[in-house]
Protein chains: 2
Amino acid sequence: MNTKEKIITAALSLYNREGIRTVTTRQIAQEMGISAGNLHYHFKHTEDIIYTIFGQLQRDYDEMVLLFDKKDLVLRELLREFTDGSYRLINKYKFIFVNFVEICAWIPAIGESYRDLVMRREEQFISLFRHYAQLGMFRQDIPIAMLKGFVRQIFIISDFWYSSFAVLGGQCQSDALEDYRQTIEVTFYPYLT
Amino acid sequence: MNTKEKIITAALSLYNREGIRTVTTRQIAQEMGISAGNLHYHFKHTEDIIYTIFGQLQRDYDEMVLLFDKKDLVLRELLREFTDGSYRLINKYKFIFVNFVEICAWIPAIGESYRDLVMRREEQFISLFRHYAQLGMFRQDIPIAMLKGFVRQIFIISDFWYSSFAVLGGQCQSDALEDYRQTIEVTFYPYLT
DNA sequence: ACAAAATTAGAACAATTGTTCTAATTTTGT
DNA sequence: ACAAAATTAGAACAATTGTTCTAATTTTGT
């Protein structure tokens, strides 16, 4: 692992632990035992660090989705894989989820990139629901407008579940996954057959 | 309106417009044409300003809920009033919703106060659903565990809808309310009879 | 082996920020 | 009317922060 990667690792861990507001580049450098000057040799601006981490999140996400496509699962299994997979990402990149609006306002490129992703995801989800509707695992009587609303619902919940959990006092790491699973399950429940 | 109130008004407007990250007490003072020294005479710490604004949000919320209780509405009407009422609050106190996790980490008293509110709200919602279930307007076959999950869902969506909307590029203020209405409606739809 | 390029530490800079201090001015209660 | 209290402006402080600069050291390619 070269210095650049080490910086990313240390920054991610610190941001997740202390929050984006209070962590400074000096702190990140200190955490990993290098000088602040050295850190800024590798990443001229703090934004560059965050942008790089966001890129990593996106690559991790794409990798996950690709894995699903290969497997050709039953809807309930897919749901489980989606839940557990997205939970892993949320947990790994906590601080991005928690400070998402702020980050997007700060680094516009991230906002744009996210909007692209959401548009692609929306279509994927809808065609997936259609597919499972034909297999009789998903309700067929949902009009397209409502389907889109449902997808929106899923996005809000999966993107901001952690924010809610953190604020409600999610100290106990142990049942966080279980909490997330249940929240997603309840959301899907009325749409399954 | 005395200086203290003016500070709160200016701070709210600035935080909503520019975000909590970039706004300084100097800026707030400048916005309203007083000195920074004077501002800190009224609010010793920046936290005090934010805490006061949060108190205002809570009072506004309680006032809204009280209004509902008086009216004794049909479920669909109540839903509409809830949607429009909570939208007004979200819009008025944008920055709190958008920076909620950060604020709670920064000012623990706000987090605690919110957790209290959520607990009270949860019970209110559930007994309300029971009430409307008896009137035949809400599904009766929902087990209590799922009902709690549904309430959780509503909280996540109403508390973080604006974050999602802002990130997705909610420049167009005009159809923001309509977007919020639809999102809430879709969430409730499967539970109405 | 050695020159060029890459990396590193640490000092230094410049701007910012929350807050305090001081002295003046205004308001309030009697 | 006047003393005490409240309010205000502006300078000043102290700490922080992202970033740059310089000189030394290490690595790399040939």
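Below, read A as the first sequence line, B as the second, and so on, with proteins coming before strands; counting in each chain starts at 1.
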Query raised in the report: For residues 7-24 of chain B, which residues have at least one heavy atom under 4.0 Å from DNA chain D?
Result: none
Query - B/Tyr191: partners by ring-ring contact (aromatic ring centres under 6.0 Å, His included), with sequence neighbours left out - result: B/Phe150
Requested in this report: Can you run through DNA chain C from 5' to 3' and write each base as (, ), [, ], | or . depending on how it pairs? Watson-Crick or G-U wobble, both distances under 3.5 Å.
Outcome: ||||||||||||||||||||||||||||||
Query - Residue A/Glu31 excluded, over 12 heavy atoms near CD under 6.0 Å - result: yes
Report task. Apply side chain to side chain donor-acceptor pair (under 3.5 Å) to A/Glu112 and list each qualifying residue two or more places apart in sequence or on a separate chain. Result -> none
**Report entry** Heavy-atom pair of closest approach, residues A/Thr193 and A/Gly136
**Finding:** OG1-O, 2.7 Å
**Report entry** Separation between NZ of B/Lys148 and CD of B/Glu122, rounded to the nearest 0.5 Å
**Finding:** 5.5 Å
Report summary line: The correct set of residues in residues 35-53 of chain A placing a heavy atom under 4.0 Å from DNA chain D is A/Gly37, A/His40, A/Lys44, A/His45, A/Thr46
Query raised in the report: With no hydrogens and no angle check, do the side chains of A/Asn99 and A/Trp106 hold a donor and an acceptor under 3.5 Å apart?
Result: no
Requested in this report: Apply ring-ring contact (aromatic ring centres under 6.0 Å, His included) to A/Phe82 and list each qualifying residue two or more places apart in sequence or on a separate chain.
Outcome: A/Phe125
Query raised in the report: Can A/Tyr180 and A/Asn91 be counted as having a side-chain donor-acceptor contact under 3.5 angstrom?
Result: no
Requested in this report: Using salt bridge (Lys or Arg N to Asp or Glu O under 4.0 Å) as the criterion, list what pairs up with B/Asp84, not counting sequence neighbours.
Outcome: B/Arg80, B/Arg181
**Report entry** Test item: side-chain donor near acceptor, A/Gln58 and A/Tyr114, under 3.5 Å
**Finding:** no
Query raised in the report: With sequence neighbours excluded, what pairs up with B/Tyr51 under the ring-ring contact (aromatic ring centres under 6.0 Å, His included) test?
Result: none
Query raised in the report: Which pairs with one or both residues in residues 1-16 of chain A pass side-chain hydrogen bond (donor to acceptor under 3.5 Å, both in side chains), sequence neighbours excluded?
Result: A/Ser13-A/Arg17
Report summary line: Contacted region of DNA chain D by chain B, from 5' end to 3' end of the hits, cut-off under 4.0 Å to heavy atoms, spans D/dA6 to D/dA12
Query - For DNA chain C, the residues among residues 102-111 of chain B that have a non-hydrogen atom under 4.0 Å from it - result: none
Query raised in the report: How about B/Ile96 and B/Ile50: do any of their side-chain heavy atoms sit closer than 4.5 Å?
Result: no
Sequence neighbours excluded and cut-off under 3.5 Å, please list the side-chain donor-acceptor pairs for residues 37-45 of chain A, or say none.
unit_1	atom_1	unit_2	atom_2	d
A/His40	ND1	A/Phe43	O	3.4
A/His40	ND1	A/Lys44	O	3.0
A/His40	NE2	A/Thr25	OG1	3.2

Query raised in the report: Which value, rounded to the nearest 0.5 Å, describes the distance between B/Arg152 atom CZ and A/Gln182 atom CD?
Result: 9.5 Å
